[in-house]
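As the structure is a computational prediction, the values presented were derived from the model and not from experiment. One-based numbering along the sequence shown.
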Amino acid sequence: MKIVAAGDSFTYGEELADLQNAWPYVLGKKISAEVVNLGRPACSNDKIFRLIFEHLIDFNSHKPDLVVIGWTSPGRIEFADDIGYYDVWPGYGGNLFVKDGCTWRQELADYLSKYHSSEFLYKKFLQQVVMMQTFLTVRGINYIMLNTIQNEYYKQLPIKNPDRSEYFKEIDKTKFIGFNETGMIEWVEGCKKGPNGHFLEKGHQIVAEKINEHIRHLGWLS
């Protein structure tokens with residue numbers, strides 16, 4: 001059995017002493033599966049979508065038995081220039097995307113901080129969820145989705161446009177654990193965290209068990 005996981009730093013295993021203790025690998029051990037972890041620190045949903053698509057586009061060679069996606073904050077956006085891909089988001093003041101001398105990228109971060117539509121960014125995330133579930137369903141690949149965190153800025157905004165509720169109807173909530181209710185951060189409340197706020201080994205064990213219970217409930221495992 002093969003699992004492909006994708007997500008941000010909480011899927012990658014940021015701040016763990018051993019990345020093999022990240023929840024995708026813990027889940028793999030629980031169900032005796034080979035694991036490919038596409039999780040990346042500070043990545044956007046754009047990048048999550050792209051990495052899964054690129055990994056699975058060669059369908060015959062890379063078809064997994066299960067894809068597990070830990071969607072991140074809708075505010076993160078992936079861009080690219082001649083140097084490579086990078087992610088930015090409103091309010092971001094870090095140096096991840098300028099550390100190689102790409103200081104011009106800071107101009108985009110400044111612009112997004114001043115001029116962004118939070119409603120647009122959240123609806124874009126919902127569109128990505130629907131498109132990805134369709135992509136995986138057409139290829140006959142089982143999948144589970146979850147949020148890194150539910151109680152954050154973009155997901156808590158009042159609905160300004162009825163389109164958002166219409167998008168909700170398109171999402172298969174039987175395969176999206178805690179959709180619009182909870183995410184990994186809420187599941188591991190009270191667990192020990194690293195200096196930068198990432199939950200550590202106990203939290204990853206809780207996330208893996210939550211996913212394990214859900215896929216067994218769906219009857220995908222004996």
Test of understanding: with side chain to side chain contact (heavy atoms under 4.5 Å, CB included), list the residues that count as partners of [X], not counting sequence neighbours.
X      : answer
Phe79  : Ile77, Tyr86, Val88, Leu108, Leu112
Tyr143 : Val67, Gln133, Leu136, Thr137, Met145, Asp172, Lys175
His214 : Ile144, Ile177, Leu218

To the closest 0.5 Å, what do you measure between [atom1] ([X]) and [atom2] ([Y])?
X      : Y      : atom1 : atom2 : value
Glu181 : Asn151 : CD    : CG    : 11.0 Å
Glu34  : Met1   : CD    : CE    : 11.5 Å
Lys202 : Cys191 : NZ    : SG    : 6.5 Å
Leu27  : Lys210 : CG    : NZ    : 14.0 Å

Short side-chain to backbone donor-acceptor contact, [X] and [Y], under 3.5 Å:
X      : Y      : answer
Asp100 : Cys102 : no
Asp8   : Cys43  : no
Glu15  : Asn196 : yes
Ser9   : Pro41  : no
Lys173 : Ile171 : yes
Asp65  : Lys2   : yes

Compare all side-chain heavy atoms of [X] with those of [Y] and state whether any distance is below 4.5 angstrom.
X      : Y      : value
Met132 : Ile48  : no
Leu126 : Pro74  : no
His204 : Glu201 : no
Ser73  : Thr148 : no

For the residue pair [X] and [Y], what are the closest heavy atoms and their distance?
X      : Y      : answer
Leu16  : Ala22  : CD1-N, 3.4 Å
Asn212 : Ile215 : O-CG1, 3.2 Å
Tyr12  : Gly39  : CD1-O, 3.3 Å
Gly75  : Pro90  : O-CD, 3.3 Å
Val4   : Pro64  : CG2-CB, 3.8 Å

Item to check | Evaluation steps, side chain to side chain contact (heavy atoms under 4.5 Å, CB included), between Tyr167 and Val130 | outcome: CA-CA 8 Å; Tyr167 290 169; Val130 174; 5.6 Å; no
Residues two or more places apart in sequence or in another chain: which of them pass salt bridge (charged side-chain N to carboxylate O under 4.0 Å, His left out) with [X]?
X      : result
Glu170 : none
Arg105 : Asp81
Lys30  : Glu209
Lys114 : none

Checklist entry - side chain to side chain contact (heavy atoms under 4.5 Å, CB included) between Arg76 and Asn45: does it pass, once the steps are laid out? => result CA-CA 7 Å; Arg76 296 180 176 182; Asn45 288 326; over 6 Å; no
Next on the checklist: What verdict does the side chain to side chain contact (heavy atoms under 4.5 Å, CB included) test give for Ile185 and Phe10, after you've listed the backbone C-alpha separation in whole Å, the side-chain angles of each residue and the deciding distance to 0.1 Å?
Outcome noted: CA-CA 9 Å; Ile185 299 298; Phe10 291 89; 3.5 Å; yes
Verify same cluster id: [X], [Y] (apolar side-chain graph, 4.5 Å):
X      : Y      : answer
Val26  : Leu38  : no
Leu51  : Phe125 : yes
Leu146 : Trp220 : yes
Val129 : Ile52  : yes
Leu19  : Val188 : no

Next on the checklist: Does Ile141 form a side chain to side chain contact (heavy atoms under 4.5 Å, CB included) with Phe135? I'd like the steps, not just the answer.
Outcome noted: CA-CA 9 Å; Ile141 301 174; Phe135 175 76; over 6 Å; no
Next on the checklist: Heavy-atom count check: over 12 atoms from other residues, nucleotides or ligands less than 6.0 Å from Phe199 CZ?
Outcome noted: yes
Checklist entry - Which residues pass the ring pair (Phe, Tyr, Trp, His ring centres under 6.0 Å) test with His116, sequence neighbours left out? => result none
Next on the checklist: List the residues meeting ring pair (Phe, Tyr, Trp, His ring centres under 6.0 Å) with Phe49, not counting sequence neighbours, and say none if there are none.
Outcome noted: none
Next on the checklist: Whether Glu213 and Arg216 form a salt bridge (side-chain N of Lys/Arg under 4.0 Å from carboxylate O of Asp/Glu) is what I want to check.
Outcome noted: no
Checklist entry - Salt bridge check: are Glu54 and Arg50 linked by an N-O gap of less than 4.0 Å? => result yes
Next on the checklist: Which label fits Phe97 and Tyr92: parallel for a plane angle under 30°, tilted from 30 to 60°, or perpendicular past 60°?
Outcome noted: tilted
Checklist entry - Parallel, tilted or perpendicular: which fits the ring planes of Tyr122 and Phe168, with parallel below 30° and perpendicular above 60°? => result perpendicular
Next on the checklist: Among residues at least two apart in sequence or on other chains, which ones pass side chain to side chain donor-acceptor pair (under 3.5 Å) with Lys124?
Outcome noted: Asp46
Item to check | Tyr85: hydrophobic cluster co-members (side-chain, 4.5 Å) | outcome: none
Checklist entry - Other hydrophobic cluster members with Trp104, side-chain heavy atoms of Ile/Leu/Val/Met/Phe/Trp/Tyr under 4.5 Å, chained? => result Ile83
Checklist entry - With Ile3, which of Ile31, Asn142, Val36 fulfils side-chain contact (heavy atoms from CB on, under 4.5 Å)? => result Ile31
